[in-house]
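Everything on this sheet refers to the single structure shown next.
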Amino acid sequence: MKILTAIYNNQLVLAINSSKNKKYLCPICKSVVILKRGTEKISHFAHSKNNDCPNLGEHETDEHLTGKINLFKFINNNSTKIECFITKINQKPDLINNKIAFEFQCSPITKKRLLERINGYKSLGIHSLWILGQNYRKKFSSKNTTKFFYYSFNICFYILFLHNSGYVEIRYNCLEINGIINYQSKMIYSFKELLSFIKSRQALLQYNNNLRRINYLLRNFRKNMILGNKTILNLQNDFYLKGHNIDGAPLLCNEKYFSYPIFDNKFFLWKIICLNNIEDGINLEYLFKTLFKFTFPLIENINIFYKHEFKTFINILVNENIIKIESNIIHLLKDPIWFKDYLDRENIQNKKDL
């Protein structure tokens, strides 16, 4: 296990600022560590092979080590501590400064483990700021990445990436449009600049709809059924019971084409499932609970956003005289028009566009 800090003369020192032929101690177990410096590897300290220090718990890549040094420079505050082990919660943030734990996440982490780490910090009144590595940036729209979304009134949904050059890229005003997350981007060069950007009202772009993308999604549903995708096949079985096909979704699903990026890139699919689940006499609150089972660890009161999207879509159905609501009960006035498949749907849609 490589570590970036050690104790020398009762002072915590960084490997990049240290020289060889001196006695360094691990900040946690107080055993002797060896300074390793080279032209190809980042400077670091290393334990002996048989040591059982908690610092040896996980292997760190050079990207992670370099990223911690870059974040140290990004924060630019002398009180920042690197690799400070917090005994009470058995956690070691990459960096910590003024009750903010900075985590540079390069490797995969489950949503459950992420939530445990966040709650561990919260129990001590520490806010955690998660900044992602290059593998996450390359897979920006995947569920593994989107679970790191934050929300701010000024810039809406945003996420942070650390580039190898040392600056942080903030992708903000993130909205899902028919399965693709659109965003604005800005390069940030210091923590002070980042705080200022998040706290200031920014000019937010309006994104355009793409009906071709809807047709692609529906064709893809059919393709996945043919290929035996278990998730889509299980959904299709639910649709069969109602006499519907998942790729023959009503044109009403084209309405409200953008949404918050908290549907795992399945907002369009969510609307189809919502229509399939609506029955005469169903309780509105019950319908809501059957549709929303997502969690986003870094966003508090996430249900506010789901309730807003749900209410918006329900109002579309009310305005189109598909349903009416009395005492929180949905009454079905007429069935929305479902199509045989995506080809039938495309033909009707194309005629309407002429």
Side-chain angles (χ1 to χ4, degrees), residues 58 60-61 63-64 66-68 70-71 74-75 89 91-97 99-123 126-164 166-177 179-188 191 193-195 197-199 202 204 259-267 292-306 309:
E58 57 185 61
E60 286 195 74
T61 62
E63 180 194 7
H64 193 236
T66 304
K68 287 194 284 189
N70 285 335
L71 279 178
F74 180 82
I75 299 167
I89 56 175
Q91 289 181 207
K92 185 182 68 173
D94 290 328
L95 304 97
I96 190 165
N97 176 273
K99 287 290 186 177
I100 300 177
F102 294 81
E103 291 284 9
F104 178 43
Q105 192 66 33
C106 298
S107 59
I109 183 173
T110 65
K111 193 175 284 189
K112 179 182 177 182
R113 180 59 184 145
L114 175 61
L115 191 58
E116 289 172 352
R117 297 276 297 277
I118 293 167
N119 288 337
Y121 292 131
K122 279 184 177 180
S123 68
I126 298 172
H127 175 76
S128 57
L129 187 67
W130 295 76
I131 303 171
L132 307 180
Q134 294 305 298
N135 285 336
Y136 282 101
R137 188 173 66 87
K138 292 174 184 176
K139 300 175 182 178
F140 171 56
S141 292
S142 74
K143 289 191 292 185
N144 287 331
T145 302
T146 57
K147 63 174 173 270
F148 291 97
F149 268 121
Y150 288 92
Y151 178 80
S152 160
F153 175 78
N154 293 316
I155 59 175
C156 295
F157 289 86
Y158 68 93
I159 198 166
L160 304 168
F161 298 98
L162 179 65
H163 285 249
N164 294 332
Y167 61 83
V168 168
E169 176 191 1
I170 181 169
R171 294 186 179 181
Y172 64 102
N173 190 26
C174 296
L175 286 174
E176 181 194 334
I177 300 179
I180 294 178
I181 297 179
N182 288 240
Y183 62 90
Q184 294 173 248
S185 178
K186 181 175 175 61
M187 308 310 168
I188 306 287
F191 183 54
E193 182 187 358
L194 177 63
L195 288 178
F197 184 81
I198 293 172
K199 292 177 179 179
Q202 305 297 326
L204 304 180
S259 76
Y260 307 122
I262 52 176
F263 289 84
D264 291 340
N265 302 332
K266 295 176 182 175
F267 179 61
F292 297 99
K293 299 176 182 178
F294 306 97
T295 57
F296 281 78
L298 294 166
I299 302 175
E300 295 185 1
N301 302 319
I302 190 72
N303 266 355
I304 292 175
F305 302 103
Y306 289 126
E309 292 291 15

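- In this structure the side chain of Leu298 reaches within 4.5 angstrom of the side chain of Ile118, judged on heavy atoms.
- Note that the CG atom of Leu71 and the CG atom of Asn97 stand 12.0 Å from one another [nearest 0.5 Å].
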| request: Mind running side chain to side chain contact (heavy atoms under 4.5 Å, CB included) on Lys186 and Glu193 for me, showing each step along the way? | output: CA-CA 11 Å; Lys186 181 175 175 61; Glu193 182 187 358; 4.0 Å; yes
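- Contacts of Phe197 classified as ring-ring contact (aromatic ring centres under 6.0 Å, His included), with partners at least two apart in sequence or in another chain: Tyr172.
- Side-chain contact check for Leu115 versus Thr295: every heavy-atom pair is 4.5 Å or farther apart.
- Side-chain atoms of Ser141 never come within 3.5 Å of backbone atoms of Ile180 as a donor-acceptor pair (strictly under, hydrogens ignored).
- The structure places CG of Leu160 at 9.0 Å from CD1 of Ile188, a figure rounded to the nearest 0.5 Å.
- The CD1 atom of Ile89 lies 8.5 Å from the CZ atom of Arg117; values are rounded to the nearest 0.5 Å.
- The CZ atom of Phe148 sits 11.5 Å away from atom CD1 of Ile131, with the distance rounded to the nearest 0.5 Å.
- Between Phe263 and Tyr306, the distance from one ring center to the other falls under 6.0 angstrom.
- Within the model, atoms CD1 of Ile181 and SG of Cys174 stand 6.5 Å from one another, a figure rounded to the nearest 0.5 Å.
- A distance of 8.5 Å separates CG in Leu95 from CD in Glu103, rounded to the nearest 0.5 Å.
- The nearest pair of heavy atoms linking Tyr121 to Ser128 is CD1-CB, 3.6 Å.
- Checked by atom type and distance alone, the side chain of Glu63 never pairs as donor or acceptor with a backbone atom of Cys106 at under 3.5 Å.
- For the residue pair Gln202 / Tyr158, no side-chain donor-acceptor distance below 3.5 Å is found, with atom types taken as modelled.
- Closest approach of Ile96 to Pro93, counting heavy atoms only: CB-CG, 4.2 Å.
- Residue pairs meeting the salt bridge (charged side-chain N to carboxylate O under 4.0 Å, His left out) criterion with at least one partner in residues 294-303, sequence neighbours excluded, are Lys122-Glu300.
- With sequence neighbours excluded, no residue forms a ring-ring contact (aromatic ring centres under 6.0 Å, His included) with His127.
- Scored by the ring-ring contact (aromatic ring centres under 6.0 Å, His included) test, Phe305 finds Tyr151, Phe157, Tyr260 as partners (sequence neighbours excluded).
- Pairs engaging residues 145-159 under the salt bridge (charged side-chain N to carboxylate O under 4.0 Å, His left out) rule: none recorded [sequence neighbours left out].
- When all heavy atoms are compared, the tightest approach of Gly133 to Phe161 is O-CD2, 4.0 Å.
- Here Phe191 pairs with Phe102 under the ring-ring contact (aromatic ring centres under 6.0 Å, His included) rule; sequence neighbours left out.
- Atom NZ of Lys143 sits in a sparse spot, with 12 or fewer heavy atoms from other residues, nucleotides or ligands closer than 6.0 Å.
- For Tyr150 (side chain) and Cys156 (main-chain N/O), no donor-acceptor pair under 3.5 Å exists by modelled atom type.
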